[in-house]
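Start at 1 and go down the list; that is how both ligands and their atoms are numbered. All values derive from a computational prediction rather than experimental measurement.
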Amino acid sequence: MLVRGQPMRTIWPAADGAVEIIDQTLLPHRIEIVRLDGLDDAVRAIGDMQVRGAPLIGVTAAWGLALALRTDPSDAGLAHACKSLAATRPTAVNLAWALARVESAVIALPPSARAEVAAAEAAAIAEEDVAACRKIGEFGADMIGAFAARKSGETVNILTHCNAGWLAAVDWGTALAPIYVAKERGISLHVWVDETRPRNQGAALTAFELGQQGVAHTVIADNAGGHLMQHGRVDLVIVGADRITRSGDAANKIGTYLKALAAADNRVPFHVAAPSSTVDWRLTDGVAQIPIEERDPSEVTHISGALADGTIGMVRVAAPGSPAANFGFDVTPARLITGLITERGACDASEAGLLSLFPEEPDAFARNSRKR
Ligand code: MRU
């Protein structure tokens, strides 16, 4: 997608075998490229959220494993790198999925051959993610086109939560891909952007992305969505996901569930857009089984932003001394989800729906998981 009119991705291999990323902790105030030279850099980039978003976490972990194998390609090195990367963030299953895929590709090889094959696998995962996100965009844009037709070409208002755009993937994104493709098709759109406390991925990242692509949007306080839905100002909600169970429950950024409840109460369609790498075929009950990341409470008590002198800093918003809790994700039960949008099309948020599009996936997932 475009940054200042130039096409960019979120992660790419450098000429010398290192990997480069955009440091998302500095957006939208500064665009800085950071080099990842080895395992520790990759672990830090994911843990500190220089890269974030389920698909991008997976791709970065895949590259991180490839970087680690350049230094220590032994069986012990492989196991240590997988363990360190897997421990960075617990909710997005794309991380474990991508690690399992790279590990499967190299485990039977002699150590000297592993790094090169792992880098090729990481590059393949990245390219597949771009293709999957573009397909999600096309299927989702068909859906937005149907809303536009029903409204006789009037502007379609879409609400989204957090950042599930190109910054959360390698390119295009998941929830925002349909918006970008719909814009390409000339559909008139406007996006309500939830600010998404505590880290403000909506206000900082989604608003930045949409602005750079010229998509009309308005940042709203996290609590405003229900009011807008009651007044008919939201035609549909599209969000991303960090993990979807085989029964169609979806974990996404904290606050997504509340939007789904408001959408159900107001009969506003609520769609979850995600590639199949986000489906965890082992799980059947999202609320009970999906691990929810808890992050440092300082992300709740403080807020980061550009200060008057242009530096990026933190300011305290909570009363000094008050304890805070920082739950990163919540689970929206399948019954509140109108449908899933995947790289193979749209389906019901249910086991039958997912299996109608991905009949082979449960077996492939089980095979890869057993190897870890
Ligand atoms: O904590 P983050 O910023 O990694 O959370 C990101 C989200 O919750 C996204 O909505 C989700 O990963 C879908 S990304 C395409």
Asks: Does CD in Glu116 sit with more than 12 non-hydrogen atoms of other residues, nucleotides or ligands closer than 6.0 Å?
Replies: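 It does not: Glu116 CD has 12 such atoms or fewer within range.
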
Asks: Parallel, tilted or perpendicular: which one describes the rings of Trp192 and His190, with boundaries at 30° and 60°?
Replies: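 Rings of Trp192 and His190: perpendicular, as their planes differ by over 60°.
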
Asks: Give the numbers and elements of all ligand 1 atoms closer than 4.0 Å to a heavy atom of Asn163.
Replies: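 Taking each heavy atom of Asn163 in turn, ligand 1 has 9 (C), 10 (O) under 4.0 Å.
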
Asks: At a 4.0 Å threshold, what atoms of ligand 1 neighbour a non-hydrogen atom of Thr174?
Replies: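 The list of qualifying atoms is 15 (C).
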
Asks: Return yes when Pro55 approaches ligand 1 closer than 4.0 angstrom through a heavy atom, no otherwise.
Replies: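 Pro55 counts as a contact of ligand 1 under the 4.0 Å cut-off.
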
Asks: Within a distance under 4.0 Å of any heavy atom of Met49, pick out the atoms of ligand 1 and give their elements.
Replies: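 Taking each heavy atom of Met49 in turn, ligand 1 has 1 (O), 2 (P), 3 (O) under 4.0 Å.
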
Asks: Between Asn252, Val272, Thr206, flag the one that comes closest to atom 10 (O) of ligand 1 by a heavy atom.
Replies: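 Heavy atom nearest to atom 10 (O) of ligand 1 belongs to Asn252.
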
Asks: Would the distance check show the side chain of Arg197 and the main-chain N or O of Glu299 forming a donor-acceptor pair, the cut-off being under 3.5 Å?
Replies: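 Yes, Arg197 side chain to Glu299 backbone: donor-acceptor pair under 3.5 Å.
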
Asks: As an exercise, identify every atom of ligand 1 less than 4.0 angstrom from a heavy atom of Ala168.
Replies: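 In order of numbering, the contacting atoms are 14 (S), 15 (C).
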
Asks: For ligand 1, does Ala164 get within less than 4.0 Å through its side chain, its backbone, both, or neither, judged by non-hydrogen atoms?
Replies: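 Both backbone and side chain.
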
Asks: Check each atom of ligand 1 against the heavy atoms of Gln201 and keep those under 4.0 Å away; list them by number with element.
Replies: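 Taking each heavy atom of Gln201 in turn, ligand 1 has 1 (O), 2 (P), 3 (O) under 4.0 Å.
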
Asks: Do side-chain atoms of Thr60 reach the backbone of Leu56 as a donor and acceptor pair under 3.5 angstrom?
Replies: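 Flag set: sc Thr60 to bb Leu56 pair under 3.5 Å.
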
Asks: Report the residues that fulfil side chain to side chain donor-acceptor pair (under 3.5 Å) with Glu32, sequence neighbours left out, ordered by chain and then residue number.
Replies: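 Applying side chain to side chain donor-acceptor pair (under 3.5 Å) to Glu32 gives Arg30.
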
Asks: Where is the nearest protein heavy atom to atom 7 (C) of ligand 1: which residue, which atom, and how far?
Replies: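 Checked against all protein heavy atoms, atom 7 (C) of ligand 1 sits closest to Asp242 OD1, 3.4 Å.
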
Asks: So, does Gln213 use its side chain to make a donor-acceptor pair with the main chain of Glu209 at under 3.5 Å?
Replies: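 Pair found, side chain donor or acceptor close to backbone of Glu209.
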
Asks: Quick one: does Val239 get a heavy atom under 4.0 Å from ligand 1?
Replies: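 Contact absent.
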
Asks: At less than 4.0 angstrom from any non-hydrogen atom of Arg89, what atoms of ligand 1 do you find?
Replies: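 Ligand 1 atoms under the 4.0 Å threshold to Arg89: 1 (O), 2 (P), 4 (O).
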
Asks: Can you find a non-hydrogen atom of Ala169 under 4.0 Å from ligand 1?
Replies: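 Not so, Ala169 does not reach ligand 1.
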
Asks: Has the side chain of Gln289 got a donor or acceptor atom that lies under 3.5 Å from a matching backbone atom of Leu283?
Replies: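 Flag not set: sc Gln289 to bb Leu283 has no pair under 3.5 Å.
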
Asks: Which of the atoms in ligand 1, numbered in the order shown and given with their element, are less than 4.0 Å from a heavy-atom of Ala54?
Replies: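 Per the distance check, 12 (O), 14 (S).
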
